[in-house]
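Please read the structure below before turning to the comments.
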Amino acid sequence: MLIRLVVVFISALLFNMVTVTYSHALWWMVYHKPSFQGKVIDAETKEPIEGAVVVVTYSKKAIRIGPESVSIIVDVKESLTDKDGIFHIPSYTTIIDPFSWSKEVTLIIFKPSYGSFPHGRVYPPKGMETRYEEFFSGEIGEVKEVWITEPWKVGADHKKEKVTFGIVELPQLQTREERLKAKNSADIFGADFSTKELPLLYKAISEENKNLVIQ
């Protein structure tokens, strides 16, 4: 009887250890990002920009052969701004391998004849030391004080400024060269993704290509 009790106790202990270990392993491999939302407006008129394409790229770092880690795209999601210039991309969860860890997402916002986000934006201010995940995951219009460093200036002082989260201002572009630069900065995926995965983005890029040929 005593031996049977000991066997039952050890079996239960081993089962709990395996369950805890398995659960911990699953937790380690869970890749999760919150929902993202924002409002895109014309930098000059402050009017909403409808039909701007918003692309979120979900990436991870992974250990491969040797000590170096590589960056790998996990998935991409896209959306369009509505008549009020607002976009929303739902939260995203998946499982990644145990030798990987999540990276911060990147966002692209593109509309023909406008500067693209992030490099061609007017607002939020460049040099903002706030992650885009935080900037787009809160309430649109919430004002926060963040650190700003004047970009591309060696030894620039840090300063705090109030920034309205979730608001993006894009400038209207006047020259063909400006529009080519904006288009190329949005078309960064190359052969990694096609019109099947990113139909909205490549439709907008195709539209801008036609506009540029006509000019």
Side-chain angles (χ1 to χ4, degrees), residues 26 29-42 48-65 68-121 131-137 140 166 168 170 172-173 176-215:
L26 283 180
M29 293 187 293
V30 170
Y31 179 105
H32 175 75
K33 296 296 181 182
S35 61
F36 299 112
Q37 45 276 325
K39 182 173 184 178
V40 185
I41 63 176
D42 185 297
I49 299 176
E50 182 179 3
V53 182
V54 182
V55 179
V56 177
T57 305
Y58 303 92
S59 302
K60 67 178 181 178
K61 281 281 192 178
I63 298 175
R64 292 297 181 257
I65 298 174
E68 297 295 325
S69 62
V70 295
S71 181
I72 300 171
I73 295 177
V74 176
D75 206 349
V76 289
K77 300 292 181 183
E78 61 178 3
S79 181
L80 283 175
T81 55
D82 63 17
K83 62 181 179 61
D84 298 314
I86 293 174
F87 70 87
H88 176 81
I89 294 180
S91 62
Y92 177 80
T93 303
T94 190
I95 299 295
I96 56 176
D97 64 76
F99 299 102
S100 304
W101 59 97
S102 67
K103 285 183 60 181
E104 183 183 358
V105 302
T106 58
L107 284 95
I108 291 172
I109 302 175
F110 177 70
K111 169 83 172 183
S113 79
Y114 279 93
S116 61
F117 181 91
H119 303 298
R121 73 184 191 259
R131 298 187 311 156
Y132 292 136
E133 284 187 13
E134 180 185 356
F135 186 80
F136 290 109
S137 61
I140 299 174
V168 174
L170 300 180
Q172 293 189 40
L173 303 181
R176 186 175 188 275
E177 288 70 25
E178 289 175 333
R179 293 175 68 168
L180 271 173
K181 184 177 180 181
K183 179 187 74 71
N184 292 337
S185 67
D187 188 12
I188 64 171
F189 296 101
D192 293 333
F193 293 96
S194 66
T195 54
K196 181 179 178 181
E197 292 87 6
L198 294 169
L200 300 176
L201 177 63
Y202 284 114
K203 181 180 179 182
I205 288 174
S206 177
E207 178 186 333
E208 186 70 323
N209 282 334
K210 293 176 182 177
N211 294 336
L212 294 172
V213 168
I214 293 172
Q215 284 189 345

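Fair warning: this is a prediction, and the values are worked out from it, not measured in the lab. Both backbone and side-chain heavy atoms feed into the values below; hydrogens, waters and symmetry mates do not. In what follows, residues are counted from 1 in the order of the sequence shown.
Going from atom NZ of K60 over to atom CG of D75 covers 11.5 Å, rounded to the nearest 0.5 Å. Distance check: I73 CD1 to T106 OG1 gives 7.5 Å after rounding to the nearest 0.5 Å. In this structure, K61 NZ and W101 CH2 are separated by 7.0 Å, a value rounded to the nearest 0.5 Å. For the atom pair CZ (R121) and CG (L170), the distance works out to 10.0 Å, reported to the nearest 0.5 Å.
Under the rule for a side chain to side chain donor-acceptor pair (under 3.5 Å), Y58 has no partner lying at least two apart in sequence or in another chain. Applying the side chain to side chain donor-acceptor pair (under 3.5 Å) test to S116 and every residue at least two apart in sequence or in another chain returns S185. In this view, T93 and H32 satisfy the side chain to side chain donor-acceptor pair (under 3.5 Å) rule, not counting sequence neighbours. By the salt bridge (charged side-chain N to carboxylate O under 4.0 Å, His left out) test, D82 pairs with no residue at all, sequence neighbours left out. Partners of K39 under the side chain to side chain donor-acceptor pair (under 3.5 Å) rule, at least two apart in sequence or in another chain, do not exist in this structure.
Between the S137 side chain and the S35 main chain, no donor and acceptor come within less than 3.5 Å of each other. For the pair D187 (side chain) and K183 (backbone), a donor-acceptor distance under 3.5 Å is absent. Panel note: side chain Y31, backbone S59; a donor-acceptor pair is recorded below 3.5 Å. Within the 3.5 Å criterion, the main-chain N or O of L173 finds no donor-acceptor partner in the side chain of E178. The backbone N or O of V105 sits less than 3.5 Å from a side-chain atom of E133, completing a donor-acceptor pair. E104 places a side-chain N or O within donor-acceptor distance of the main-chain N or O of Y132, the cut-off being under 3.5 Å. Side-chain N or O atoms of T81 include one that pairs as donor or acceptor with a backbone N or O of A52 at under 3.5 Å. Between the Q37 side chain and the I89 main chain, no donor and acceptor come within less than 3.5 Å of each other.
Across all non-hydrogen atoms, the minimal contact from N211 to P112 is ND2-CB, 4.4 Å. Nearest heavy atom pair, residue R176 against residue L212, reads NE-O, 3.2 Å. Between L200 and V53, the shortest heavy-atom distance links the atoms O-CG2, 3.5 Å. Closest approach of A62 to I72, counting heavy atoms only: CB-CD1, 3.7 Å.
Within a 6.0 Å radius of NE2 in H88, more than 12 heavy atoms belonging to other residues, nucleotides or ligands are found. Around atom NZ of K203, no more than 12 heavy atoms belonging to other residues, nucleotides or ligands sit under 6.0 Å away.
The salt bridge (Lys or Arg N to Asp or Glu O under 4.0 Å) analysis of residues 107-120, with sequence neighbours excluded, yields no pairs.
When side chains are defined from C-beta on, Y114 counts as touching D42, because their heavy atoms get closer than 4.5 Å. Looking only at side-chain heavy atoms (C-beta outward), R179 and S113 come within less than 4.5 Å of each other. With a 4.5 Å cut-off on side-chain heavy atoms, F117 and L107 count as touching.
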Q. Checking ring pair (Phe, Tyr, Trp, His ring centres under 6.0 Å) for the pair Y202/F110: CA distance, chi angles, key distance, verdict?
A. CA-CA 10 Å; Y202 284 114; F110 177 70; over 10 Å; no

Given side-chain contact (heavy atoms from CB on, under 4.5 Å), test F36 with V54 step by step and report yes or no.
CA-CA 10 Å; F36 299 112; V54 182; over 6 Å; no

